[in-house]
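Just so you know, ligand 1 is whichever comes first in the structure, and atom 1 is the first atom listed for that ligand.
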Amino acid sequence: MKIGAEADIIACEEKYILKRRIRKKYRVLMLDEHIRKMRTKKEAMLLKVCKSHKIPVPDVSIEDEYTLKIEFIEGENLDNYIKVRSKKKVKSILDRCAFFVAQMHQNNIVHGDLTTSNIIVAIKNKKEVPYFIDFGFGNKSHRDEDKAMDIHNFIKSFDATFPALKECPRLFKEKYAVYLDSKEAFRIQNRLEKIEARGRYLKKNTSG
Ligand SMILES: Nc1ncnc2c1ncn2[C@@H]1O[C@H](COP(=O)(O)OP(=O)(O)O)[C@@H](O)[C@H]1O
Ligand SMILES: [Mg+2]
């Protein structure tokens with residue numbers, strides 16, 4: 001199993017993993033402890049809130065202030081999944097992702113690090129289901145900007161890994177807007193366009 005950037009998966013049993021946030025030496029000790037405790041608590045809270053809204057996430061319990069015991073999801077990270085699947089399959093799983101991200105946002109849950117490596121594709125009742133993990137940077141938020149940033153980050157991570165599949169992120173965005181309440185979709189799309197324009201401006205003015 002991949003060891004992520006932020007935390008260590010320190011045990012991997014058949015049914016669960018232990019995710020412990022380890023000390024970052026470059027941070028002052030007190031601040032480091034505060035950040036690790038906060039992210040651990042937040043991740044557990046957001047996983048539970050998602051579960052209560054029937055968004056596919058693993059079960060979780062708090063082992064200690066730096067460690068979560070998380071249900072092991074048997075499957076493939078979305079980035080690995082996409083690499084070896086047909087375009088039709090990719091579009092179909094992105095449609096499911098769009099549906100559940102819209103559910104999150106409608107319930108004011110912001111993921112905070114929505115990338116293709118923080119989604120695990122599992123088979124449930126013969127159907128492929130995207131499970132969302134790694135909520136340590138997430139928040140309860142009703143702000144359009146925070147929600148639009150989730151979509152922006154997801155598309156950025158998708159484009160960076162799969163530049164040849166241009167129409168897929170477009171499809172994701174369209175589906176997401178369809179699954180949201182129409183007024184909210186309109187506001188978030190506007191916000192997203194501003195974020196994208198900001199990105200283009202920065203790129204143009206910092207390159208060369
Ligand atoms: N509940 C889980 N079930 C199966 N694999 C997991 C689970 N949680 C994490 N992983 C695997 O470990 C990797 C790192 O975990 P993650 O929670 O994303 O931590 P990090 O903050 O280090 O990125 C994931 O990309 C995934 O491959
Ligand atoms: Mg991760």
Side-chain angles (χ1 to χ4, degrees), residues 1-27 31-85 89-90 93-94 96-97 100-101 103-104 109-125 127-140 146 149-162 169 172:
M1 179 178 295
K2 195 177 85 184
I3 300 292
E6 205 230 329
D8 262 355
I9 305 294
I10 56 171
C12 183
E13 304 287 322
E14 206 176 310
K15 292 209 166 74
Y16 66 86
I17 60 165
L18 290 177
K19 176 170 174 173
R20 172 165 297 159
R21 289 188 156 80
I22 46 171
R23 164 120 213 252
K24 293 279 188 288
K25 288 272 168 56
Y26 58 81
R27 286 197 294 240
L31 178 66
D32 182 73
E33 284 179 351
H34 172 75
I35 289 175
R36 287 189 291 143
K37 284 178 192 171
M38 186 189 68
R39 289 194 182 143
T40 303
K41 249 209 275 196
K42 209 184 253 181
E43 180 158 31
M45 181 271 285
L46 292 171
L47 284 170
K48 285 179 183 167
V49 180
C50 281
K51 189 120 234 166
S52 75
H53 292 293
K54 301 204 163 31
I55 295 160
V57 292
D59 284 324
V60 67
S61 59
I62 294 178
E63 189 78 357
D64 64 44
E65 51 198 349
Y66 303 112
T67 317
L68 296 178
K69 185 172 173 178
I70 305 178
E71 177 193 2
F72 179 75
I73 304 297
E74 175 84 56
E76 281 171 274
N77 279 18
L78 181 60
D79 43 6
N80 292 330
Y81 176 93
I82 292 170
K83 270 180 211 149
V84 293
R85 295 305 194 290
K89 282 257 179 197
V90 172
I93 197 73
L94 284 179
R96 292 294 77 204
C97 291
F100 289 119
V101 174
Q103 294 277 298
M104 270 184 223
I109 305 160
V110 168
H111 184 283
D113 189 19
L114 197 62
T115 63
T116 50
S117 61
N118 286 332
I119 297 173
I120 301 174
V121 183
I123 311 278
K124 290 281 141 126
N125 301 324
K127 283 206 186 102
E128 283 153 328
V129 179
Y131 276 72
F132 296 83
I133 59 164
D134 208 3
F135 281 80
F137 293 101
N139 262 312
K140 284 287 281 169
D146 294 342
M149 274 311 284
D150 261 357
I151 304 304
H152 178 67
N153 285 335
F154 184 71
I155 286 170
K156 218 168 68 178
S157 91
F158 196 102
D159 279 342
T161 328
F162 307 103
F172 171 84

Per-atom contacts of ligand 1 with [X], taking only distances under 4.0 Å to non-hydrogen atoms:
{"X": "Glu71", "result": "1 (N), 2 (C), 3 (N)"}
{"X": "Ile70", "result": "1 (N)"}
{"X": "Lys19", "result": "16 (P), 17 (O), 19 (O), 21 (O)"}
{"X": "Ser117", "result": "25 (O)"}

Is the shortest heavy-atom distance from the side chain of Phe154 to the side chain of Phe172 under 4.5 Å?
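SC-SC contact between Phe154 and Phe172 confirmed.
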
Do Phe132 and Leu114 come close enough that some side-chain heavy atom pair is under 4.5 Å?
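Yes, their side chains come closer than 4.5 Å.
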
Testing Lys83, Arg85, Lys89 one by one against Glu76 for a salt bridge (charged side-chain N to carboxylate O under 4.0 Å, His left out), which residue passes?
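Exactly one option meets the salt bridge (charged side-chain N to carboxylate O under 4.0 Å, His left out) with Glu76, and it is Arg85.
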
Asp134 atom (N/O/S) at minimal separation from the Mg ion (ligand 2)
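This turns out to be OD2.
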
Side chain to side chain donor-acceptor pair (under 3.5 Å) against Lys42, all qualifying residues, sequence neighbours excluded:
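Asn139.
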
Does any N, O or S atom of Asn118, backbone or side chain, fall under 2.8 Å from the Mg ion (ligand 2)?
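Yes, Asn118 qualifies, because one of its backbone or side-chain N, O or S atoms lies under 2.8 Å.
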
From the candidates Ile73, Asp59, Ile17, the one that places a heavy atom nearest atom 8 (N) of ligand 1
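When every heavy atom of Ile73, Asp59, Ile17 is considered, Ile17 comes closest to atom 8 (N) of ligand 1.
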
For atom 25 (O) of ligand 1, which candidate among Asn77, Ile120, Asn118 holds the nearest heavy atom?
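Comparing heavy atoms across Asn77, Ile120, Asn118, the nearest one to atom 25 (O) of ligand 1 lies in Asn77.
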
Neighbour count >12 (heavy atoms, 6.0 Å) for atom NE2, His34
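No, NE2 of His34 has 12 or fewer neighbouring heavy atoms, counting only those of other groups under 6.0 Å.
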
Solution key, residues 54-64 side-chain donor-acceptor pairs under 3.5 Å, sequence neighbours excluded:
{"unit_1": "Asp59", "atom_1": "OD1", "unit_2": "Lys51", "atom_2": "NZ", "d": "3.2"}
{"unit_1": "Asp64", "atom_1": "OD1", "unit_2": "Tyr66", "atom_2": "N", "d": "2.8"}
{"unit_1": "Asp64", "atom_1": "OD1", "unit_2": "Thr67", "atom_2": "N", "d": "3.0"}
{"unit_1": "Asp64", "atom_1": "OD1", "unit_2": "Thr67", "atom_2": "OG1", "d": "2.9"}
{"unit_1": "Asp64", "atom_1": "OD2", "unit_2": "Thr67", "atom_2": "OG1", "d": "3.2"}

